[in-house]
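Accompanying notes for the structure given below.
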Amino acid sequence: VSDSYFPVGPGLGMEENFLSLDDILMSQEKLPGRAESALPRLAVLLGQGAGSAESVPEGSKLEIPLWLAKGLHDSKRRIISVELPKIYKEAWRTVFSADANVVDLHKMGPYYYGFGSQLLNFENPENPEIAQTDSVCFLQTFIARFRRIMDSSQNAYNEDTSALVARLDELERALFQVGQKGLNDFQCWEKGQASQITASSLVQNYGKRKLTEVDG
């Protein structure tokens with residue numbers, strides 16, 4: 001039964017893939033915001049009251065799940081406004097550009113890369129900087145951390161890796177696991193315990209996706 005189930009990868013960019021467990025969990029992450037108009041019958045959902053009929057008053061500060069924030073956000077009707085979480089603001093972008101490896105991404109936000117891409121769905125004064133310096137906020141951070149992640153995955157054979165992965169976001173943890181599996185498969189092949197080396201499922205799925213794009 002387990003062989004017939006293939007995990008679905010997260011979406012790319014500003015759209016989620018709701019067949020992906022990672023994206024479903026990411027959509028529960030909360031954004032700081034403000035009610036720009038009264039929000040009827042949402043008080044309980046947003047932790048603002050005890051009765052299901054209670055409204056959230058205009059001007060209330062909120063912690064809004066990503067999925068709800070995207071549903072309520074409307075550039076023409078000012079229903080809610082959304083702020084950047086602190087890890088995506090300029091001060092933290094400066095920290096990342098100085099040394100991305102010192103940051104505990106999992107503590108700051110387990111879906112740092114995916115969640116950050118979702119923020120471009122909302123109007124925010126810092127969005128142009130985030131988009132233009134995507135390399136600073138996302139790509140350069142990823143590149144700076146990628147080498148250490150893969151080096152660690154290749155130098156921790158049959159060791160406890162819990163301390164190594166504790167500071168990684170979920171995407172980085174998946175990459176670490178891919179590196180570990182590649183190392184374990186190679187070690188088995190080198191010892192004669194495997195007849196052949198096969199391509200990583202990550203590579204195979206990427207190849208299938210490219211073929212689908214060509215056919216389409």
Side-chain angles (χ1 to χ4, degrees), residues 1-33 42 45-47 62-75 79-89 92-93 96 100 103-124 126-127 130-131 133-143 145-146 149-150 153 165-181 200-213 216:
V1 176
S2 60
D3 291 341
S4 63
Y5 172 73
F6 296 95
V8 177
L12 300 174
M14 295 166 63
E15 296 300 324
E16 304 109 310
N17 180 350
F18 282 105
L19 295 177
S20 165
L21 291 177
D22 281 331
D23 276 358
I24 292 172
L25 292 172
M26 179 189 69
S27 72
Q28 301 295 326
E29 294 288 305
K30 293 184 177 181
L31 287 165
L42 287 180
L45 184 60
L46 293 171
L62 306 171
E63 290 288 327
I64 317 168
L66 173 63
W67 63 269
L68 182 59
K70 290 179 72 174
L72 291 175
H73 180 71
D74 189 322
S75 58
I79 301 174
I80 62 167
S81 58
V82 171
E83 300 174 13
L84 284 179
K86 64 179 181 179
I87 194 172
Y88 299 102
K89 291 186 176 181
W92 274 100
R93 295 202 298 270
F96 282 121
V103 181
D104 185 340
L105 275 192
H106 203 268
K107 181 179 180 180
M108 300 300 293
Y111 298 96
Y112 170 75
Y113 301 105
F115 192 66
S117 298
Q118 293 293 316
L119 298 179
L120 298 177
N121 284 293
F122 306 101
E123 296 173 355
N124 191 284
E126 292 190 60
N127 272 4
I130 293 177
T133 60
D134 205 318
S135 55
V136 172
C137 201
F138 301 124
L139 184 57
Q140 282 187 4
T141 298
F142 181 76
I143 291 172
R145 293 168 63 93
F146 178 77
I149 291 168
M150 297 315 292
S153 73
V165 302
R167 298 167 64 85
L168 307 181
D169 101 315
E170 292 300 324
L171 173 62
E172 294 173 336
R173 289 184 177 190
L175 290 171
F176 184 89
Q177 291 171 0
V178 169
Q180 282 268 281
K181 185 178 185 304
S200 162
S201 59
L202 196 65
V203 175
Q204 292 175 343
N205 290 336
Y206 177 77
K208 291 177 182 177
R209 180 181 297 180
K210 296 302 289 185
L211 285 174
T212 302
E213 291 174 356

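One is the number of the first residue; the rest follow in order along the sequence. From a predicted model like this one, the values you see are computed outputs, not experimental measurements.
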* For Arg145, all residues meeting salt bridge (charged side-chain N to carboxylate O under 4.0 Å, His left out), sequence neighbours excluded ->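 Arg145 satisfies salt bridge (charged side-chain N to carboxylate O under 4.0 Å, His left out) with Glu172 only.
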* Considering residues at least two apart in sequence or located in another chain, which fulfil the salt bridge (charged side-chain N to carboxylate O under 4.0 Å, His left out) criterion with Glu170? ->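 Counting only residues at least two positions away or on another chain, Glu170 forms a salt bridge (charged side-chain N to carboxylate O under 4.0 Å, His left out) with Arg173.
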* Search all heavy atoms of Phe115 against all heavy atoms of Pro85 and return the closest pair with its distance. =>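 Smallest interatomic distance, heavy atoms only, reads CE2-CG, 4.0 Å.
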* Closest contact, heavy atoms only, Asp104 versus Ala166 ->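 Result for this residue pair: OD1-O, 3.7 Å.
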Heavy-atom side-chain contact between [X] and [Y] under 4.5 Å:
X: Val103; Y: Tyr112; answer: no
X: Val82; Y: Asn121; answer: no
X: Ile80; Y: Leu68; answer: no
X: Leu31; Y: Leu66; answer: yes
X: Met26; Y: Gln118; answer: yes
X: Leu175; Y: Phe142; answer: yes
X: Asp23; Y: Tyr111; answer: no
X: Pro32; Y: Glu63; answer: yes

Rounded to the nearest 0.5 Å, what separation is found between the [atom1] atom of [X] and the [atom2] atom of [Y]?
X: Ile87; Y: Lys107; atom1: CD1; atom2: NZ; result: 11.0 Å
X: Met108; Y: Asp169; atom1: CE; atom2: CG; result: 12.5 Å
X: Leu72; Y: Ile64; atom1: CG; atom2: CD1; result: 7.0 Å

* Asked: With sequence neighbours left out, what residues match His73 under ring pair (Phe, Tyr, Trp, His ring centres under 6.0 Å)?
  ->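 With neighbours one apart ignored, the set is Phe122.
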